[in-house]
Amino acid sequence: MTHQVTALNHVNGNATGVDGILQNVAFILSTFALPCPLRNYGMKPFQRLKKINTNRLLECIQRFEPRAIVVEVDYLGDINRGKLEPTVKVIVNEL
């Protein structure tokens with residue numbers, strides 16, 4: 001089953017199993033916000049920043065929550081406002 005995860009809004013101290021894993025991924029996402037200081041210079045710098053941020057994000061999830069397998073990374077927000085937030089689709093492996 002695939003789960004879509006966005007940045008953490010609140011902490012459930014009793015989360016276990018799949019909910020705990022998804023909460024851990026959400027916490028990692030909450031530490032990532034992609035600023036777009038180069039937004040006035042076109043899409044090329046933005047795409048490069050997005051790629052760098054995506055690679056960092058994948059490395060962090062793999063390192064700190066290896067039970068979550070990332071299937072897709074996308075970004076929500078508005079480049080014209082200068083902030084995008086990552087969202088990921090994950091499959092949970094509860095071994």
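Numbers here are sequence positions counted from 1.
The side-chain contact (heavy atoms from CB on, under 4.5 Å) search around N9 returns none, not counting sequence neighbours. Considering only residues two or more places apart in sequence or on other chains, Q62 meets the side-chain hydrogen bond (donor to acceptor under 3.5 Å, both in side chains) condition with none of them. Contacts of T16 classified as side-chain contact (heavy atoms from CB on, under 4.5 Å), with partners at least two apart in sequence or in another chain: none.
For the pair T87/Q4, a side-chain contact is recorded, criterion being any heavy-atom separation below 4.5 Å from C-beta on.
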Solution key, residues 17-26 side-chain donor-acceptor pairs under 3.5 Å, sequence neighbours excluded:
unit_1: Q23; atom_1: OE1; unit_2: N12; atom_2: N; d: 2.8
unit_1: Q23; atom_1: NE2; unit_2: N12; atom_2: O; d: 3.2
unit_1: N24; atom_1: ND2; unit_2: G20; atom_2: O; d: 3.4
unit_1: N24; atom_1: ND2; unit_2: E65; atom_2: OE1; d: 2.6

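Under the 4.5 Å side-chain heavy-atom criterion for grouping Ile, Leu, Val, Met, Phe, Trp and Tyr, L57 is not connected to V71 through any hydrophobic cluster. I52 and Y75 sit in two unconnected hydrophobic clusters of ILVMFWY residues. Membership requires side-chain heavy atoms under 4.5 Å apart, directly or through other members. Cluster membership for V73 and I69, using ILVMFWY side-chain heavy atoms within less than 4.5 angstrom, is not shared. Grouping the Ile, Leu, Val, Met, Phe, Trp and Tyr side chains by contacts below 4.5 angstrom, directly or via other members, places I91 apart from V70.
Atom-to-atom distance recorded for R56:CZ and T31:OG1 is 8.0 Å, nearest 0.5 angstrom.
The minimum heavy-atom distance between V5 and L29, with the atom names listed, is O-CD1, 3.3 Å.
Membership of the apolar cluster around V11 extends to L8, F27, as traced through chained side-chain contacts below 4.5 Å between ILVMFWY residues.
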